[in-house]
Undergrad: 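Could you have a look at this structure, given as structure tokens, before my questions?
When reading the values below, keep in mind they use all heavy atoms of this one structure, side chains included, and skip hydrogens, waters and symmetry mates. Sequential numbering from 1 along the given sequence is applied to the chain's residues.
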Amino acid sequence: MLTIRNLVKTFGTGRSEKHKRVHAVHDISFDVVEGELFTLLGPSGCGKTTTLRCIAGLEMPEGGEVAIDGRVLFSSEKRVRVPANERGLGMVFQSYAIWPHMNVFKNVAFPLTVMPRKRRPSGRMLKERVERALAVVHLDHLADRQATDLSGGQQQRLALARALVLEPPLLLLDEPLSNLDAKLREEMRFELKRLQRELGITGIYVTHDQVEALAMSNRVAVMRDGKIEQVDHPRAVYERPASRFVADFIGTSNFMDGTVEGREGEAYLVATDVGTLRIVSDRDFASGAPVVVAARPEHIELNTSLNGVGPNVWRGRVEARAFLGEVVDHVVSVGPHELRARCNPKVSIPAPTEVTLKFHEEAFSLMPAGD
């Protein structure tokens, strides 16, 4: 469906350094298949929105190629630069960009009314397409209401309907939920995902919110400094991060430096400054290799019994705890480390209490040191 190859986009750093360029997007490549919601995830300044704008034609890259269903929209090698208004893509902006002087119907109809005369639908067809788009987002009963009289969630759905009315081959969404409150954001995540599945929309979704990315995406591309660190399904990105950056950015992790001592079947024995850990990994490490161990806090079990022995069992002391509603977070000191353990709310251990920590096998990710 969408093919990105070796995309490069740079920006100048200011007049005093006009000859210096900074890579906002640095030689990235990926594919998006039809019907997929593909998310670009990363911190501010990582290049995700610039990538989206290059696809839309709002930014012109210096290198690479952008193609949809074999139609080349940009190619530095072939010298193709299709303007944004000729790409036929739908885009939902962070700010919604709703026309305040128009009602709901006219806002949705606007992209059709400004199309070139030869491609512009007839009055009857325009009305049908607008009504269909409004029905999809459940705003058909508000067609005559002024856009400024809608709630935040309704305005977000209006912006989505305006993009859908073009019936685009690809929908681009630039942090569309960032202006909503927490509860409404959660509701709209499920609404957007429902629409995407029911309509078979192919979409590129940009966000810095890891929960949004994990909840909504078919695949996630984690970006850092203009490059893609990892592309995979949400569960794989969370459970098998490719680098320390990904493990740290997606969810919460405890990090420990170690050295590979050897291998037992599918598991590595890793020596740390606290003790040895047995870690299952499908990556290849030589004996003596320096590694980083990442352990998810929800896979660390705490017990006030101090009789536990065996692989991946350590002793520690609870230093602090925090009730977070669905879970209780404990900060546990183990040698020079302070580890976070996330427990069922029924488990709440006060400080200072000596405890046994048991690392479940799925707790770990093993990565080369320096990633």
Side-chain angles (χ1 to χ4, degrees), residues 41 177 180-191 193-194 207-217 220 232-241 244 246-256 258 266-267 270 272-281 292-367:
L41 173 69
L177 307 183
L180 304 180
D181 62 67
K183 185 173 178 61
L184 189 53
R185 285 183 76 161
E186 185 175 354
E187 292 175 0
M188 289 308 303
R189 281 180 205 139
F190 288 103
E191 184 70 11
K193 187 61 179 175
R194 179 189 67 80
T207 184
H208 63 272
D209 187 321
Q210 54 183 275
V211 175
E212 257 177 42
L214 295 176
M216 298 178 60
S217 315
V220 178
D232 216 325
H233 303 290
R235 183 177 290 274
V237 171
Y238 185 82
E239 295 181 349
R240 298 187 297 278
R244 179 168 182 156
V246 175
D248 196 27
F249 189 77
I250 305 288
T252 304
S253 289
N254 299 292
F255 295 102
M256 294 164 282
E266 297 181 348
V270 178
T272 74
D273 54 2
V274 177
T276 299
L277 295 171
R278 186 177 185 275
I279 302 172
V280 174
S281 176
V292 174
V293 179
R296 295 293 188 187
E298 62 268 28
H299 296 312
I300 301 176
E301 182 181 333
L302 296 185
N303 198 314
T304 53
S305 170
L306 303 180
N307 299 321
V309 293
N312 302 340
V313 178
W314 287 355
R315 296 282 179 83
R317 183 178 66 194
V318 174
E319 303 293 348
R321 62 178 172 172
F323 175 69
L324 303 179
E326 298 176 350
V327 295
V328 176
D329 265 10
H330 295 81
V331 177
V332 184
S333 60
V334 182
H337 301 285
E338 283 197 339
L339 306 182
R340 286 180 64 180
R342 189 162 290 161
C343 303
N344 183 292
K346 293 181 180 179
V347 179
S348 184
I349 303 172
T353 302
E354 299 294 323
V355 292
T356 299
L357 297 86
K358 181 178 180 181
F359 296 89
H360 294 179
E361 197 170 88
E362 61 268 32
F364 297 117
S365 297
L366 194 58
M367 297 159 285

Undergrad: Do the non-hydrogen side-chain atoms of V332 and W314 ever get within less than 4.5 Å of each other?
TA: no
Undergrad: Any side-chain to backbone donor/acceptor pair from N254 onto A295? Under 3.5 Å, distance only.
TA: yes
Undergrad: What are the two closest non-hydrogen atoms of V220 and P234, and how far apart are they?
TA: CG2-CG, 4.1 Å
Undergrad: Does any donor atom in the side chain of R317 or T353 lie under 3.5 Å from an acceptor atom in the other side chain?
TA: no
Undergrad: Do H360 and E301 have side chains that approach each other closer than 4.5 Å (heavy atoms only, starting at C-beta)?
TA: yes
Undergrad: Give, for atom CD1 of I279 and atom CD of E266, the distance between the pair rounded to the nearest 0.5 Å.
TA: 14.5 Å
Undergrad: Within the 4.5 Å heavy-atom criterion, are L302 and L357 side-chain neighbours or not?
TA: yes
Undergrad: Taking V331's backbone N and O only, do any of them form a donor-acceptor pair with R321's side chain (distance below 3.5 Å, no angle check)?
TA: no
Undergrad: So for atom CZ, which belongs to R235, do other residues, nucleotides or ligands contribute more than 12 heavy atoms lying within a distance under 6.0 Å?
TA: no
Undergrad: Looking at every heavy atom in both L41 and H208, which two are closest together, and how far apart are they?
TA: CD1-C, 3.7 Å
Undergrad: Can a donor-acceptor pair be found, under 3.5 Å and without considering hydrogens, that links the side chain of Q210 to the backbone of F249?
TA: yes
Undergrad: Quick one: does V293's side chain get under 4.5 Å of F364's, heavy atoms only?
TA: yes
Undergrad: Should M256 and V274 count as side-chain neighbours, where that means a heavy-atom distance under 4.5 Å?
TA: no
Undergrad: From M188 CE over to M216 CE, what is the distance, rounded to the nearest 0.5 angstrom?
TA: 8.5 Å
Undergrad: Can you check salt bridge (Lys or Arg N to Asp or Glu O under 4.0 Å) on D209 and R185, steps first, answer last?
TA: CA-CA 11 Å; D209 187 321; R185 285 183 76 161; 3.2 Å; yes
Undergrad: Would you compute the distance between atom CE of M367 and atom CZ of R240 and round it to the nearest 0.5 angstrom?
TA: 13.5 Å
Undergrad: Under a 3.5 Å distance rule, please check whether D329 uses its side chain to pair with a backbone N or O of A322 as donor and acceptor.
TA: no
Undergrad: In Å, rounded to the nearest 0.5 Å, how long is the span from NE2 of H337 to CG of D273?
TA: 3.5 Å
Undergrad: When you compare the side chain of T252 with that of R342, does any pair of heavy atoms fall below 4.5 Å?
TA: yes
Undergrad: For residues V328 and P345, report the shortest heavy-atom separation together with the two atoms involved.
TA: CG2-CA, 3.8 Å
Undergrad: Looking only at heavy atoms, which two atoms of S333 and E319 are closest? And how far apart?
TA: OG-OE2, 2.7 Å
Undergrad: Where the side chain of S281 meets the backbone of S365, is there a donor-acceptor pair that is under 3.5 Å apart?
TA: no
Undergrad: If the threshold is 4.0 Å, N to carboxylate O, is there a salt bridge linking E186 and R189?
TA: no
Undergrad: Between N303 and S305, which heavy-atom pair has the shortest distance, and what is it?
TA: OD1-N, 2.8 Å
Undergrad: For the side chain of N312 and the backbone of R278, is there at least one donor-acceptor N/O pair under 3.5 Å apart?
TA: yes
Undergrad: Are there over 12 heavy-atom neighbours, none belonging to K358, within less than 6.0 Å of that residue's NZ?
TA: no
Undergrad: Under 3.5 Å, is there a donor-acceptor pair between the side chain of S253 and the main chain of A247?
TA: yes
